[in-house]
> 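First the structure, which I've put down as structure tokens, then a few questions once you've had a look.
Not measured: the values here are computed from a predicted model. To find a chain, count down the sequence lines: A is the first, B the second, and so on, and within it residues start at 1. The analysis underlying the following values was restricted to heavy atoms, covering all of them including side chains, and did not include hydrogens, waters or symmetry mates.
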Amino acid sequence: MIKQISKMSMNALKENPVRSILTTLGIIIGTAIVIIVLSVGAGIKTLILDQITSLTPELLYVEIRVPSSGTRFEKESHTAQSLGAGVQITTMKIKDVEDVLKLQNIESGYGMAIGQSKFTHGSNEETAMIFAVGSEYKDVEGLKFSNGGFFTDREDKALEQVIVIGSTVKERLFGQNSNPIGQKVKVNKQSFEVIGVVEEMGTRYFLNMDEIVYIPIQTAQKKVLGINYIQAMALKMKDKNYMEVTVEQIEKLLRKNHNIKDPEKDDFVVRTLDDSMEIIDTVTNGISILLFLLAAISLVVGGVGIMNVMYVSVTERTHEIGLKKAVGAAPAAIKFQFIFEAVLISLLGGILGVLLGAGISWLVSFIANLVNFEWPFVISSFMIIFALSISVILGITFGYAPAQKAASLNPIDALKSA
Amino acid sequence: MALIELKNVCKSYYSGSLETKAVCSANLKIKSGEFIAIMGPSGSGKSTLMNIMGFLDVPTRGRYYFENKKVTSFDEDSLAEIRNKKVGFVFQFFYLLPRMTALDNVKIPMIYADVKDKEQDKRARKALKQVGLGHRMKNRPNELSGGEQQRVAIARALTNNPKIIFADEPTGNLDSVSAKEIMKIFEKLNKEGKTIILVTHDSKTASYAKRKIRLKDGLIQ
Ligand SMILES: Nc1ncnc2c1ncn2[C@@H]1O[C@H](COP(=O)(O)OP(=O)(O)OP(=O)(O)O)[C@@H](O)[C@H]1O
Ligand SMILES: [Mg+2]
């Protein structure tokens, strides 16, 4: 009986294929968004994790910040605005790094400033990003070299004019199969000796690490960037379990060095890996919630569309319903036929939506991979089952009222409606 | 023992405060195996009376006993079961589903009786042969003449082997030759033991019945 009634529902759809497809549009879009959110979300997570793999939990980052009041996130956006408006914080110095390094739980660390400059070798020119860093950068970040190595603390203190270059910079300045170790590169009218080439790394922290030039921080301050401050420091703890205490110690020390009495007026901020993960989660969750909201709206719109079409269908087939009831169809049998029809429509929309969503997600990862991001195309049977379950539930929910109406028709009135 | 017994059955329709008594104080006993014609002018309540007896409609007053059970207190599911198993309907306008073949139309009541596929096919074919349509099983209603369509409808009424066949003006839409063929089928079915209750205002059609009930303004005369 169920088999034959299901067939009736199916035949009803075949009678109106165009209408059935049009009705499913809302469901298609909604399901597609659900799949995209799940699939792209999983892809982004992999991407971000890949980008911050070097962020070990032992690491702390101290960054400069424009002092202000308000909540944490307000402060951050405020910082971005102020920096954009040209406000410069120049209070963090190499001395701060040296002092922090004396703290008990700090194993190593380096100060950092970022700049940009034109590098030339013979007739080759390359504008590259400068990472002016301390010698500990190599170990803290785990740099690997295809030629040579990194500068030492002694070279940094002695203001030696040495640089380490990324693989792309090397290619542009020296060509593909060359060994640039010992060669000279000109920057800011001064000659620097290449002492290392970093292995190809791709993107990290969403920067192309192969286009970076590393210069000892103190050399860079005096001879390239013309500054006496740093913008950030990275610190490695001996024991990450004392993170909170360590952060407090750093804050206290820097406040003393910077002559700050009120923590509200801090011109720096200490970030932990947890903070970074939190920010990433906040952003991705925000986007996901927004998209799910969008999906929910189109699914409800789609559901109402199905309800509408089902009411039309019941009206069109009042006569058929009357006949079936006259020959002994129980209300439940009629109800089943129409709910099943609604479920078929929404399931059809769900399947098309899954295909569309998977297609778009694949395209996104394909394009991301073209521009060198490690963005995998992730689709799991869970996502598909989840999306299809939603469409089935929608079909039942929005098909129920029309089916109920069909089931409760009076056979004689329904028959006379012919 | 009466198969059907109506006690003081009334059916009224209301539009606002205006009451139309379609059937009024109907008292009636029908025994198993009878062949009855309900006659009367248009609007006299023939269809209303038949629909009540056929479980398609419920009276506004009075009691209806079927096989000594009080139908007036049955719920929707029980009514559906009785319509399905105990009675068969034949209507003036055939009421076949247009997108199905004759064979599939005949199967509809069996779907709701949860008869197995194979058995459905066997019984549907037998019923169609019984009404002389063994050669038109795969045709759709629009490929059949009026008389043939009505015979499909009769076959459909027979498949669950009901006790009673109700027919509301079954020949009303047919020419005299087809009408005669249809009435011959009813006559044969009655001889085989089926109770036939027929609504007609045509005396020729009514002449096949063994007993006539006349209605006027909703009252049995
Ligand atoms: N659904 C309804 N609403 C209101 N009045 C109705 C309804 N159905 C029937 N009637 C009225 O009840 C009365 C009896 O109708 P019924 O259909 O039983 O007559 P009938 O004898 O079958 O007539 P006909 O020979 O024309 O088919 C008529 O006056 C009709 O107008
Ligand atoms: Mg009538």
> Can you tell me which of Glu81(B), Met110(B), Gln120(B) forms the most heavy-atom pairs within a distance under 4.5 Å of chain A?
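Top count of heavy-atom pairs under 4.5 Å with chain A: Gln120(B).
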> Where does Leu323(A) contact chain B at under 4.5 Å (heavy atoms): side chain, backbone, both or neither?
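It is the side chain, since no backbone atom gets that close.
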> Which heavy atom of Ile108(B) sits nearest to which heavy atom of Val327(A), and what is that distance?
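Residues Ile108(B) and Val327(A), closest heavy atoms: CG2-CG2, 3.9 Å.
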> Using distance only, find each side-chain donor-acceptor pair of residues 30-43 of chain A under 3.5 Å and give its atom names and separation, not counting sequence neighbours.
residue	atom	partner	partner atom	Å
Thr31(A)	OG1	Ile27(A)	O	2.5
Ser39(A)	OG	Val378(A)	O	2.6

> Show which side-chain atoms of residues 299-312 of chain A pair as donor or acceptor with protein atoms under 3.5 Å away, not counting sequence neighbours.
none

> Does Arg83(B) reach the side chain of Pro411(A), with side-chain heavy atoms less than 4.5 Å apart?
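Arg83(B) reaches Pro411(A) side chain to side chain.
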> Could you please spell out the steps behind the side chain to side chain contact (heavy atoms under 4.5 Å, CB included) verdict for Met100(B) and Asn11(A)?
CA-CA 10 Å; Met100(B) 292 184 178; Asn11(A) 288 338; 5.9 Å; no
> Around atom NZ of Lys163(B), are there more than 12 heavy atoms from other residues, nucleotides or ligands closer than 6.0 Å?
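Check fails, neighbour count at 12 or below.
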> Rounded to the nearest 0.5 Å, what separates atom CZ in Phe91(B) from atom CG in Leu415(A)?
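Interatomic distance, Phe91(B) CZ to Leu415(A) CG, rounded to 0.5 Å: 5.0 Å.
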> Side chain, backbone, both or neither: which part of Asn160(B) has a non-hydrogen atom closer than 4.5 Å to chain A?
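Contact with chain A is absent: no heavy atom of Asn160(B) under 4.5 Å.
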> Starting at CG of Leu56(B), measure out to CG of Asn410(A) and round the result to the nearest 0.5 Å.
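Those atoms lie 8.5 Å apart.
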> Could you give the distance from CD1 (Ile412(A)) to CG (Asp57(B)), rounded to the nearest 0.5 Å?
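Reported to 0.5 Å precision, the distance equals 6.0 Å.
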> Might you point out which heavy atoms bring Ala80(B) and Ala329(A) nearest each other, and give the distance in Å?
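Smallest heavy-atom distance, with atoms named: CB-O, 3.8 Å.
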> Would you say CZ of Arg99(B) has more than 12 non-hydrogen atoms from neighbouring residues, nucleotides or ligands within 6.0 angstrom?
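No - once you tally the heavy atoms of other residues, nucleotides and ligands closer than 6.0 Å, there are 12 at most.
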> Just checking Ile2(A): does its CD1 atom have more than 12 heavy atoms from other residues, nucleotides or ligands closer to it than 6.0 angstrom?
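No, CD1 of Ile2(A) has 12 or fewer neighbouring heavy atoms, counting only those of other groups under 6.0 Å.
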> When rounded to the nearest 0.5 angstrom, what distance separates NZ in Lys325(A) from CZ in Phe55(B)?
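So the gap between those two atoms works out to 15.5 Å.
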> To the nearest 0.5 Å, tell me how far Gln4(A) CD sits from Ile111(B) CD1.
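Separation between the atoms: 4.0 Å.
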> Taking atom CZ as the centre, does Phe366(A) end up with more than 12 heavy-atom neighbours from other residues, nucleotides or ligands that are less than 6.0 angstrom away?
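No, because the 6.0 Å sphere around CZ of Phe366(A) holds 12 heavy atoms or fewer from other groups.
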> When the side chains of residues 386-397 of chain A are checked against the rest of the protein, which donor-acceptor pairs come out under 3.5 Å, sequence neighbours left out?
residue	atom	partner	partner atom	Å
Ser389(A)	OG	Ile385(A)	O	2.5
Ser391(A)	OG	Leu388(A)	O	2.8
Thr397(A)	OG1	Ile393(A)	O	2.5

> With a strict 4.5 Å heavy-atom criterion, list every residue of residues 330-345 of chain A that contacts chain B, or say none.
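Against chain B, the residues of residues 330-345 of chain A that fall inside the cut-off (heavy atoms, under 4.5 Å) are Ala330(A), Pro331(A), Ala333(A), Gln337(A).
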> What pair of heavy atoms forms the shortest contact from Tyr112(B) to Gly328(A), and how long is it?
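Of all heavy-atom pairs spanning Tyr112(B) and Gly328(A), the closest is CB-O, 3.7 Å.
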> For residues Val115(B) and Met1(A), determine if any side-chain heavy atom of one lies less than 4.5 Å from a side-chain heavy atom of the other.
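Side-chain contact under 4.5 Å: no.
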> Please round to the nearest 0.5 Å and tell me the distance separating atom CD of Glu320(A) and atom CG of Leu96(B).
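If we round to the nearest 0.5 Å, Glu320(A):CD and Leu96(B):CG are 12.5 Å apart.
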